[in-house]
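Some notes on the structure that comes next.
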Protein chains: 2
Amino acid sequence: MSENRLGELEEVLMLIVGILEEKAYALNITEEYEAQADRKVAIGAVHTTLNRLEKKGFLTSEMGGATAERGGRRKRIYSITASGHRALANVRDFRLTLWKQFPAFAEGKLKFVLA
Amino acid sequence: MSENRLGELEEVLMLIVGILEEKAYALNITEEYEAQADRKVAIGAVHTTLNRLEKKGFLTSEMGGATAERGGRRKRIYSITASGHRALANVRDFRLTLWKQFPAFAEGKLKFVLA
DNA sequence: ATTATTTGTTCTACAATGTTGTATAAAATG
DNA sequence: CATTTTATACAACATTGTAGAACAAATAAT
């Protein structure tokens with residue numbers, strides 16, 4: 001019964017949380033997303049999605065301390081749970097399996113090679 | 001303005017269409033999905049999604065001939081358009097870029113290696 | 001110290017995508 | 001031509017994605 005589905009934005013935000021680590025709070029995640037995806041996203045969309053991922057148990061969060069920056073309000077820092085990590089690994093493996101079977105993609109047309 | 005987004009199911013069904021080639025019709029796509037994803041999906045869900053992908057210009061379809069099987073009604077065969085292929089390649093490259101930056105995933109923990 | 005400005009989160013409403021169930025259609029068999 | 005099998009199409013509902021406004025807390029300016 002491992003309800004394991006991840007939407008497209010959900011999956012990408014999880015990965016960005018994993019990349020940003022202790023700097024993974026909504027505003028920063030939004031900026032990172034826009035930089036990497038070359039695409040705009042509303043901050044509200046990110047908050048909503050992070051909340052839902054937390055409710056599903058794929059992410060946890062805790063309030064960090066306030067920084068000494070101008071307006072440096074306390075941030076809610078997100079991190080990936082064990083269950084979230086498993087879900088991510090599953091979707092990744094599934095997609096890799098499919099890509100391997102897709103003739104147009106499998107035959108040495110990959111620009112990136114992992115591992 | 002390249003409206004390039006692909007939902008999770010949309011993306012996977014596109015890949016399966018690419019894998020099945022001339023056998024890519026809804027019922028067969030459904031069975032292939034269930035076999036590969038180890039997960040159930042309603043045939044109606046597949047039809048709806050294929051229709052939407054066609055409307056977006058990522059897939060095309062044409063009716064194939066009736067086969068000589070018992071009950072062999074004519075099938076609607078789907079194939080990927082140039083635009084669909086580009087969209088797929090984009091999401092794949094984007095995700096690979098993210099995975100490479102994700103410490104827990106990037107450090108030799110991959111079971112599958114492409115190319 | 002009170003007002004403005006900046007960084008940040010929370011809440012509400014709506015659009016797009018995912019899912020289910022049911023109805024319908026066409027071909028082969030008896 | 002009724003029954004069975006392989007299929008698609010359609011309608012209703014659930015989940016996920018998106019946008020924007022409201023709210024909160026911290027520093028800076030006056």
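- Between the side chain of Glu32(A) and the main chain of Leu20(A), no donor-acceptor pair closer than 3.5 Å is present.
- The backbone N or O of Ser61(B) lies less than 3.5 Å from a partner atom in the side chain of Glu54(B), making a donor-acceptor pair.
- For the pair Met63(B) CE and dA27(C) C1', the computed distance is 12 Å after rounding to whole Å.
- Counting to the nearest Å, the P atom of dT17(C) and the CG atom of Leu6(A) are 18 Å from each other.
- Atom pair Leu50(B):CG and dT17(C):C1' shows a separation of 14 Å (rounding to whole Å applied).
- For the segment residues 17-32 of chain B, the set of residues with a heavy atom within less than 4.0 Å of an atom of DNA chain C is empty.
- Counting non-hydrogen atoms of neighbouring residues, nucleotides and ligands closer than 6.0 angstrom, the CD atom of Glu62(B) reaches no more than 12 such neighbours.
- The CD1-P distance, from Ile77(B) to dT6(D), rounds to 16 Å in whole Å.
- Near DNA chain C, defined here as any heavy-atom distance below 4.0 Å, the residues from residues 7-14 of chain B are Gly7(B), Glu8(B), Leu9(B), Glu10(B), listed numerically.
- Put simply, the side chain of Arg74(B) gets close to the backbone of Gly64(B): a donor and an acceptor are under 3.5 Å apart.
- Rounded to whole Å, the distance from NZ on Lys55(B) to C1' on dA15(C) is 14 Å.
- In this structure, the OH atom of Tyr33(B) is 6 Å from the P atom of dT19(C), given to the nearest Å.
- Not one side-chain nitrogen or oxygen of Arg52(B) sits closer than 4.0 Å to the OP1 or OP2 atom of dC10(D).
- Side-chain atoms of Glu10(B) and Thr49(B) form no donor-acceptor pair, as typed in the model, at a separation below 3.5 Å.
- In this structure, Thr81(A) contributes its side chain and Phe58(A) its backbone to a donor-acceptor pair below 3.5 Å.
- We find that Glu11(B) and Arg95(B) are joined by a salt bridge, their nearest charged nitrogen and carboxylate oxygen being less than 4.0 Å apart.
- Rounded to a whole Å, the CG atom of Asn51(B) is 15 Å from the C1' atom of dA16(C).
- Taking atom CZ on Arg76(B) and atom C1' on dT6(D), their separation rounds to 16 Å, with Å as the unit.
- Using a 30° and 60° split on the angle between ring planes, Trp99(B) and Trp99(A) fall in the tilted class, from 30° to 60°.
- A distance-only check finds a donor-acceptor pair linking the side chain of Gln101(B) to the backbone of Thr97(B) [under 3.5 Å].
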- Note on the structure: In 5'-to-3' order, the base (B), backbone-only (S) or no-contact (-) status of each nucleotide in nucleotides 20-28 of chain D, using a 4.0 angstrom heavy-atom cut-off, is B---BSBSS
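- Closest non-hydrogen pair, Tyr25(A) versus Arg76(A), comes out as CB-O, 3.2 Å.
- The side-chain tip of Arg39(A) does not point at the ring of Tyr33(A) from less than 6.0 angstrom away and within 45° of straight on.
- The phosphate of dT17(C) (OP1 or OP2) has a side-chain N or O of Lys56(B) nearer than 4.0 angstrom.
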